[in-house]
2 protein chains.
Amino acid sequence: MVKCSEDNLDKLFFALSDPNRRHVVTALLDGEKALGDLAPPFKMTIPAVMKHIAILENSGIVRTEKRGRVRYCRLEPDQLELAREWLADTTRMWTDRLRALSLYLEENP
Amino acid sequence: MVKCSEDNLDKLFFALSDPNRRHVVTALLDGEKALGDLAPPFKMTIPAVMKHIAILENSGIVRTEKRGRVRYCRLEPDQLELAREWLADTTRMWTDRLRALSLYLEENP
DNA sequence: AGAACACTTTACCATTTGGTTAAGTATATC
DNA sequence: GATATACTTAACCAAATGGTAAAGTGTTCT
């Protein structure tokens, strides 16, 4: 089972709970992008994008780096993989227990 | 690919972004529980639990039903499975693209 | 009928979100 | 050196969260 603190999960799920942030993640699948390049597609001001990036960065999904006057944003594969594994494990556990429960209910109506 | 609207994902991820709500989900793995039985384990008042249940219910993860004076809460397997599938698909896509990207970067340093 | 139970609703509170505009800072470019 | 770029910061705002206490409603028990 992957180590993933409760707090990490809070931040992770919260980061993914906003459509603009999920779009940012999708946009970063092609590779790193400048912060300014992320704003135009969404009808948001730069400060708004910065806040979303900060939340994504705080969750560990995105990492940023400033080179010159440009801040580049990229996905952090490790954290993404951690998230994927936790989700796979947890949902498998859920479905397993639910399957056991429904079997039990079938046999003991 | 599973159909799962953007709005559903917002609600779903948001519902999972709170530790108390995840604990409620875990508690419901054993089967249905009365609303009042969910409050004591967490140091929360009943109205607080009700709000969390409302959010979980709105996300489709939990369904509730009132029998007599008791409101029973249970997990909604279908929605859970939808969520699991979406997460599996999406994270697979992420890792695939990231793998392709890292291969590309290896070949074009 | 009257009391006990299990929520529900209402009203309230501090904090966080998600967004804005406007002014400030650091880095390139001419 | 002056100017344009590309963020940053600050200040502000409406709405949503996550919680509380207290009063209200509908069921069940005796």
Side-chain angles (χ1 to χ4, degrees), chain A residues 5-28 30-75, chain B residues 5-28 30-75:
Chain A
S5 80
E6 285 292 297
D7 192 50
N8 278 352
L9 289 176
D10 294 356
K11 291 175 182 173
L12 182 66
F13 283 125
F14 181 73
L16 292 175
S17 73
D18 180 272
N20 283 333
R21 285 194 290 269
R22 288 199 304 278
H23 291 328
V24 166
V25 170
T26 304
L28 291 180
D30 307 340
E32 77 178 4
K33 283 197 169 54
L35 205 158
D37 294 339
L38 288 170
F42 325 112
K43 291 170 186 169
M44 276 191 290
T45 55
I46 302 268
V49 174
M50 280 187 62
K51 288 191 182 183
H52 286 306
I53 291 291
I55 289 173
L56 285 166
E57 197 169 12
N58 185 245
S59 81
I61 293 179
V62 164
R63 199 158 56 86
T64 75
E65 181 190 0
K66 192 146 186 181
R67 297 201 290 278
R69 63 185 169 183
V70 177
R71 178 169 296 280
Y72 293 96
C73 312
R74 68 172 66 167
L75 290 180
Chain B
S5 80
E6 286 292 296
D7 193 51
N8 278 351
L9 289 176
D10 293 357
K11 291 175 181 172
L12 181 67
F13 283 124
F14 181 74
L16 293 175
S17 73
D18 181 272
N20 283 332
R21 285 194 291 269
R22 288 199 304 278
H23 291 328
V24 165
V25 169
T26 304
L28 291 179
D30 308 337
E32 76 177 6
K33 282 196 168 56
L35 204 159
D37 294 339
L38 288 171
F42 324 110
K43 289 170 186 168
M44 277 192 290
T45 55
I46 301 270
V49 174
M50 281 187 62
K51 288 191 183 183
H52 285 306
I53 291 291
I55 288 173
L56 285 166
E57 196 168 14
N58 185 245
S59 81
I61 293 179
V62 164
R63 199 159 54 86
T64 75
E65 181 191 1
K66 191 144 187 182
R67 296 201 291 277
R69 64 185 169 181
V70 178
R71 179 169 295 279
Y72 293 95
C73 311
R74 67 171 68 166
L75 290 180

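Note: hydrogens, waters and symmetry copies are ignored here, and every other heavy atom, side chains too, is used. Below, read A as the first sequence line, B as the second, and so on, with proteins coming before strands; counting in each chain starts at 1.
The number of heavy atoms from other shown groups lying within 6.0 Å of NZ (B:Lys43) does not exceed 12.
Nucleic acid contact class of B:Leu35 (heavy atoms, under 4.0 Å, all strands): sugar-phosphate only.
For the pair B:Phe14 and A:Ser17, the tightest heavy-atom approach, listed with the atom from each and the gap, is N-CB, 3.4 Å. Minimum interatomic distance between B:His52 and B:Arg21 (heavy atoms only, all atoms of both residues): ND1-NH1, 3.1 Å. B:Ala15 and B:Leu56 get closest at one heavy-atom pair: CB-CD2, 4.1 Å.
Checking A:Ile46 against A:Phe14, the closest nucleotide of DNA chain C that is more toward the 5' end is the one next to A:Phe14. Residues A:Thr45 and B:Asp37 each lie close to DNA chain C; by heavy-atom proximity, the contact nearer the 5' end of the strand is made by B:Asp37.
Following rounding to the nearest Å, B:Lys33 (NZ) and C:dA6 (P) show an atom-to-atom distance of 16 Å. Regarding B:Lys51, its NZ atom lies at a distance of 10 Å from the C1' atom of C:dA11, rounded to whole Å. Rounding to whole angstrom units, CE of residue A:Met44 and C1' of C:dG18 are separated by 9 Å. Taking atom CG of residue B:Leu16 and atom C1' of nucleotide D:dT17, one finds them 16 Å apart after rounding to whole Å.
Near DNA chain C, defined here as any heavy-atom distance below 4.0 Å, the residues from residues 64-73 of chain A are A:Gly68, A:Arg69, listed numerically. Contact check of residues 18-27 of chain A against DNA chain C (heavy atom, cut-off under 4.0 Å) returns A:Asp18, A:Asn20, A:Arg21.
Checking the phosphate oxygens (OP1, OP2) of D:dG19, a side-chain nitrogen or oxygen of B:His52 falls inside 4.0 Å.
No donor-acceptor pair closer than 3.5 Å links the side chain of B:Lys33 to the backbone N or O of B:Arg74.
With contacts defined as side-chain heavy-atom distances shorter than 4.5 Å, the pair B:Ile55/B:Asp18 does not qualify. A 4.5 Å side-chain heavy-atom check between A:Ile46 and A:Leu35 finds at least one atom pair inside the cut-off.
Using a 4.0 Å cut-off between charged side-chain N and carboxylate O, A:Arg63 and A:Glu65 make no salt bridge.
Here B:Asp10 contributes atom CG and B:Ser59 contributes atom OG; the two are 11.5 Å apart, rounded to the nearest 0.5 Å.
Across C:dT20, C:dG19, C:dC7, the shortest atom-to-atom separation from the side chain of B:Met50 is found for C:dC7.
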